[in-house]
Amino acid sequence: MKGLTAPLAWAAKTKRTLDAVRAAMAANTERVFTTHWTEDAVRDLLLELAGVKCWYCETLIVRADVNVDHFRPKSEVLDVPGHPGYWWLAYDVSNYRIACKHCNSGGARHNGVPEGRAKGSHFPLLAGTRARTSLDDLEHEQPLLLDPAHKDDPDLLGFDTAGYARRTNTPYSPAEAKSGLCRADETIRILALNDSRIVPLRSRLMREVSVLARFGDAPDIQELIDDKAGPKAQWSSAAAMALALQRACDRPAAALPTTPGGTPDIDPARSRVDLQDLLEHLDPDDLKAGIPLTGRHEKKVHQAVLNDEGQIKVLGRPWRTPTTAARAATGSNKIEGWDFWRLTIASVEQTLAEFRATHFPRITPM
């Protein structure tokens, strides 16, 4: 994205508009952002990169407007009172992402019920200092939402065989561990990447690619695979993951190294973010049946179930991180899930944070 160059005529025109915005801010009058980003001169450049599909959910945009989203919102930042928006990036092509209507403005659904908050003017930070002027260094910000144009972020998002988007096995960053947040989970929640209309179609695509991969390297089969897993194809990341899994299964199994028995190592970062390390301290039969969880917010009691995969199921959706599960349940972006969710063990009700502290006394918030 940093190497993408806008046409000179378009850049000159947007400079005049940005100068007018800058003057309006100096005079404390209303800013007017002319929608130059909708013009073919720049939009076609973006479409050439990944085809006519949403960069966030990878759904093809068919017979609908192609939205150009500002990754850093131009005129305001929701949940950050007084922030003027990243107005100086309004006409910076490196700040543009192609987005479908659902990811940009909402409308995704789960079993007929609207879900997700959509990207819009949301731009939460995981850590760092938020830029407020054009003089501030954007490198000091650590965005919470995964950026499809950042070289490392797409590697954090994976898919299971049922078609659900989830985090890959990439270790949590220090900032995620400190905040107790998983960037992939929060992105999936906010953008509703597991929309109930997409998940089964994604799963079917993954099965199709797996079947095709079993036929070997015949040119016509490879062409079909490329049509489904190529970078401009719909849900190509899920298709590519299915292809990689199938090819890994087809390779001869390597001898696994033997390790001495004993207590498995605990990953402090993971233990601050998700539930995997707690499972061995819970009854397997209870987990298989599902351990009830409750949480209270604004005088309302929310119900959830912890299962044997370390997922908290809320409103029909599985989440691996307590905080995102709590935010999905309450609709609030300010909930901390470890203190929110409570479970009962041996007739003693306690929070997940208290249960974690009992078994991992060294795993405390950073």
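This is a predicted model, so every value here is computed, not measured. The basis for the numbers below is simple: all heavy atoms, side chains too, and nothing from hydrogens, waters or symmetry mates.
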*Taking Ser271 for the side chain and Asp267 for the main chain, is one N or O donor matched with an acceptor at less than 3.5 Å?*
yes
*Checking Arg167 side chain against Leu156 main chain: does a donor-acceptor pair fall under 3.5 Å?*
no
*Other residues, nucleotides, ligands: >12 heavy atoms within 6.0 Å of Lys228 NZ*: no
*Would you confirm whether Thr34, through its side chain, and His36, through its main-chain N or O, come within 3.5 Å as a donor-acceptor pair?*
no
*Please confirm whether the backbone N or O of Gln311 pairs with a side-chain atom of Asn307, one donor and one acceptor, at under 3.5 Å?*
yes
*Short side-chain to backbone donor-acceptor contact, Glu30 and Val32, under 3.5 Å*: no
*Any side-chain donor-acceptor pair under 3.5 Å between Arg207 and Ser203?*
yes
_Between Ser236 and Lys53, is there a side-chain donor-acceptor contact under 3.5 Å, judged purely by atom types and distance?_
yes
*Hey, could you give me the OG/NE2 distance between Ser121 and His83, rounded to the nearest 0.5 Å?*
11.5 Å
*Starting at CG of Leu46, measure out to CH2 of Trp55 and round the result to the nearest 0.5 Å.*
5.0 Å
*Check for a donor-acceptor pair, side chain of Thr324 on one end and backbone N or O of Thr321 on the other, with a separation under 3.5 Å.*
no
_Is it the case that over 12 heavy atoms from other parts of the model lie below 6.0 angstrom from the CD atom of Glu48?_
no
*Taking NZ, NE, NH1 and NH2 as the nitrogens, is one of them in Lys334 or Asp79 under 4.0 Å from a carboxylate oxygen of the other?*
no
*Look only at the side chain of Arg43 and the backbone of Val68, and say whether a donor-acceptor pair between them is shorter than 3.5 Å.*
no
*If you count the non-hydrogen atoms of other residues, nucleotides and ligands that lie under 6.0 Å from CG in Asp217, is the total more than 12?*
no
*Answer yes or no: is there an ion pair linking Asp19 with Arg22, defined by an N-O contact shorter than 4.0 Å?*
yes
*Just checking, is any N or O donor in the side chain of Arg202 or Asn194 under 3.5 Å from an acceptor N or O on the other one?*
yes
*For Leu306, which of Leu282, Asp286, Leu278 qualifies under side chain to side chain contact (heavy atoms under 4.5 Å, CB included)?*
Leu282
*Distance flag, aromatic centroids of Tyr86 and Trp88, threshold under 6.0 Å*: yes
*With a 6.0 Å cut-off on ring centres, are Phe123 and His70 close enough?*
no
*Under a 4.5 Å cut-off applied to non-hydrogen side-chain atoms, are Phe355 and His281 in contact?*
yes
*Thr294 side chain to Trp341 side chain, donor-acceptor N/O pair below 3.5 angstrom*: no
*Do the charged groups of Arg189 and Glu186 touch, with an N to O distance under 4.0 Å?*
yes
*Verdict with reasoning, Lys288 to Asp285, per salt bridge (charged side-chain N to carboxylate O under 4.0 Å, His left out)*: CA-CA 5 Å; Lys288 188 173 182 179; Asp285 292 333; over 6 Å; no
*Sub-4.5 Å side-chain heavy-atom contact between Glu176 and Leu181*: no
*Rounded to the nearest 0.5 Å, what separation is found between the CZ atom of Phe340 and the OG1 atom of Thr323?*
10.5 Å
*With no hydrogens and no angle check, is any side-chain donor or acceptor of Asp160 less than 3.5 Å from a backbone partner on Gly163?*
yes
*Are Cys57 and His102 close enough that some pair of their side-chain heavy atoms sits under 4.5 Å apart?*
no
*Is Tyr164 reachable from Leu205 through a run of I, L, V, M, F, W or Y residues, each pair having side-chain heavy atoms under 4.5 Å apart?*
no
*Residues, nucleotides or ligands: over 12 heavy atoms within 6.0 Å of Asn169 CG*: no
*Where the side chain of Trp87 meets the backbone of Phe33, is there a donor-acceptor pair that is under 3.5 Å apart?*
no
*Are the side chain of Asp274 and the backbone N or O of Arg320 linked by a donor-acceptor pair below 3.5 Å?*
no
_Nearest 0.5 Å, please: how far is NZ in Lys119 from CD1 in Ile190?_
9.5 Å
*Within a reach of under 6.0 Å around NZ of Lys13, are more than 12 heavy atoms found that belong to other residues, nucleotides or ligands?*
yes
*Is the number of heavy atoms from other residues, nucleotides or ligands within 6.0 Å of CZ (Arg132) greater than 12?*
yes
_Between Arg97 and Asn104, is the side-chain hydrogen bond (donor to acceptor under 3.5 Å, both in side chains) condition met? List the steps._
CA-CA 10 Å; Arg97 313 287 182 266; Asn104 192 45; over 6 Å; no
*Give, for atom CG of Leu138 and atom OG1 of Thr129, the distance between the pair rounded to the nearest 0.5 Å.*
12.0 Å
_Greater than 12 external heavy atoms within 6.0 Å of Asp65's CG_ = no
*Test Ile61 against Ile98 for side-chain contact (heavy atoms from CB on, under 4.5 Å), laying out the working first.*
CA-CA 10 Å; Ile61 303 173; Ile98 296 296; 4.0 Å; yes
*Separation of Leu212 CG from Gln246 CD (nearest 0.5 Å)*: 10.0 Å
